[in-house]
Amino acid sequence: MRFDIVTIFPGYFESVFAQGIVHRAQTEGLIEIALHDLRNYTHDRHRTVDDRPFGGGEGMLLKPEPLAEALADLGIAPKAERTSEDKSKTCVALLSAQGRVFTQAVTRRLARLDRLVLICGRYEGVDERVNELYCDLELSIGDYVLSGGEPAAAVVVDAAMRLLPGVLGNEASSEFESFGAADDEIDLDLDGVPRSQHGAGGLLDYPQYTRPAEFGGLRAPEVLLNGDHAQIRRWRREQQLRKTLKNRPDLLQRAALSVEDRRMLEQMQKA
Ligand code: SAM
């Protein structure tokens with residue numbers, strides 16, 4: 001998969017993409033990340049990318065012309081001129097606090113593409129015509145305002161690339177973690193407990209422990225030390241439900257829950 005990032009701060013990404021899995025994925029040729037400096041698409045002495053908003057108000061906006069020129073240089077035509085085949089392979093996304101919230105479900109969709117073009121806003125944002133003419137998606141990484149789209153682009157690249165075949169050591173590991181595949185896509189045992197050792201099913205992941213068994217006066221849960229895998233799976237499912245109920249009760253409404261899950265949740269809510 002190829003990622004193209006249009007930004008006024010290409011240097012921002014140098015260390016971000018030079019570490020860990022994202023670095024390995026590039027050196028192994030599983031992903032390609034190309035950075036495009038928006039200022040290279042300006043034609044004045046000051047390499048101006050911004051201008052004042054019509055109608056007044058605070059701050060500056062990224063002007064449309066350099067962005068349109070950058071996209072043309074990447075072979076990206078306005079939406080109206082793209083074929084449906086182009087659209088199924090390439091997505092142009094604008095990072096924006098006004099966008100659709102970036103979730104694991106959106107990540108799974110993006111990871112099926114051949115190419116993702118990410119436009120990083122700055123200042124007070126981007127002239128809306130860039131969005132209207134070129135962008136298939138407006139993406140927000142959460143309900144807060146960043147000073148630029150660069151951290152958001154790094155988040156999107158990281159989340160999408162780790163779903164690509166071959167990027168993670170164990171293919172299953174992205175499926176069985178927080179916000180994992182829906183329950184009907186994963187392997188359940190007869191009690192509706194995921195067979196995996198990990199969290200899954202649109203819930204948050206369960207808490208994990210490693211050596212030493214005792215730390216800071218706290219002992220790791222005994223059930224994890226006793227080697228009974230059926231018990232461990234049940235304990236982990238209960239912990240997933242407990243954590244999701246405490247931190248993200250909204251996820252429970254969409255999660256596919258077994259009768260046993262619902263019973264456990266009822267008990268937790270009464271306690
Ligand atoms: N005036 C804009 C608003 O209130 O929606 C905020 C502009 S923000 C200071 C500058 C840039 O940061 C945006 O154009 C966008 O690219 C990026 N940005 C800010 N918050 C974001 C978020 N939650 N998700 C994705 N990008 C964000």
Side-chain angles (χ1 to χ4, degrees), residues 1-17 22 31 33-42 46-74 76 78-79 90-111 113 115-163 178-179 204 247-248 250-251:
M1 181 171 179
R2 179 184 163 101
F3 298 89
D4 288 283
I5 302 179
V6 182
T7 169
I8 60 166
F9 293 127
Y12 173 91
F13 296 96
E14 274 164 25
S15 65
V16 175
F17 292 148
V22 68
I31 61 166
I33 304 174
L35 302 172
H36 307 280
D37 186 342
L38 187 61
R39 293 197 194 274
N40 291 343
Y41 300 94
T42 56
H46 302 290
R47 307 180 84 205
T48 309
V49 290
D50 57 328
D51 207 338
R52 287 189 305 275
F54 283 134
E58 294 299 310
M60 304 292 272
L61 290 180
L62 287 183
K63 289 153 63 69
E65 305 98 309
L67 279 165
E69 216 176 290
L71 292 171
D73 196 33
L74 298 183
I76 302 292
K79 273 190 293 195
T90 298
C91 173
V92 181
L94 175 66
L95 282 322
S96 160
Q98 299 149 32
R100 166 177 183 183
V101 177
F102 182 59
T103 60
Q104 193 67 3
V106 175
T107 311
R108 281 195 281 271
R109 251 187 52 211
L110 296 182
L113 297 163
R115 189 179 186 196
L116 178 60
V117 179
L118 295 165
I119 300 175
C120 302
R122 274 277 156 180
Y123 315 116
E124 281 310 310
V126 177
D127 185 305
E128 186 64 17
R129 291 165 293 187
V130 173
N131 187 21
E132 278 172 32
L133 291 170
Y134 292 94
C135 298
D136 304 296
L137 198 56
E138 210 181 341
L139 274 185
S140 163
I141 61 161
D143 291 346
Y144 39 78
V145 179
L146 301 165
S147 51
E150 288 76 9
V155 165
V156 172
V157 170
D158 190 285
M161 66 88 205
R162 65 196 294 289
L163 297 187
S178 297
F179 322 110
L204 299 182
N247 292 342
R248 290 293 306 277
D250 55 304
L251 294 178

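Order of appearance sets the numbers: ligands from 1, and atoms from 1 within every ligand.
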_Numbered atoms of ligand 1 (with element) below 4.0 Å of G125, judged on heavy atoms_ = 14 (O)

*asked:* Among all protein heavy atoms in this structure, tell me which lies nearest to atom 27 (C) of ligand 1, with the distance rounded to 0.1 Å.
replied: A97 N, 3.7 Å

*Which bit of F102 gets closer than 4.0 Å to ligand 1, counting heavy atoms only: side chain, backbone, both or neither?*
neither

*For atom 15 (C) of ligand 1, find the nearest protein heavy atom and state the residue, atom name and distance (0.1 Å precision).*
L95 O, 3.1 Å

_Greater than 12 external heavy atoms within 6.0 Å of D143's CG_ = no

_Polar contacts were defined as any N/O atom of the residue lying under 3.5 Å from an N/O atom of the ligand; does this apply to Y123 and ligand 1?_
no

*Would you say R52 has more than 12 foreign heavy atoms packed within less than 6.0 Å of its CZ?*
no

*asked:* Given 3.5 Å as the limit, does a donor-acceptor pair link the side chain of K63 with the main chain of D127, or not?
replied: no

*Which residue and non-hydrogen atom of the protein lie closest to atom 23 (N) of ligand 1, and at what distance in Å?*
Y144 O, 2.9 Å

*Quick one: look up the protein heavy atom nearest atom 2 (C) of ligand 1 and list residue, atom name and how far away it is.*
E124 O, 3.6 Å

_Check this for me, if you would: do D37 and R39 make a salt bridge, where the nitrogen-to-carboxylate-oxygen distance has to be below 4.0 angstrom?_
no

*What protein heavy atom sits nearest atom 24 (N) of ligand 1, and how far away is it?*
I141 N, 3.0 Å

*What protein heavy atom is closest to atom 26 (N) of ligand 1, reported as residue, atom name and distance in Å?*
S96 N, 3.4 Å

*Please work out which of P151, A93, G121 has its closest non-hydrogen atom nearest to atom 13 (C) of ligand 1.*
G121

*With a cut-off of 4.0 Å, which atoms of ligand 1 are near a heavy atom of A152?*
25 (C), 26 (N)

*Output yes when R122 and D50 qualify as a salt bridge under the 4.0 Å nitrogen-oxygen rule, no when they do not.*
no

*Could a heavy atom of L139 be found less than 4.0 Å from some atom of ligand 1?*
yes

*asked:* Which residue and atom name correspond to the protein heavy atom nearest atom 5 (O) of ligand 1, and how close is it?
replied: Q98 NE2, 3.0 Å

*For atom 8 (S) of ligand 1, grab the closest protein heavy atom and report residue, atom and distance to one decimal in Å.*
L146 O, 3.2 Å

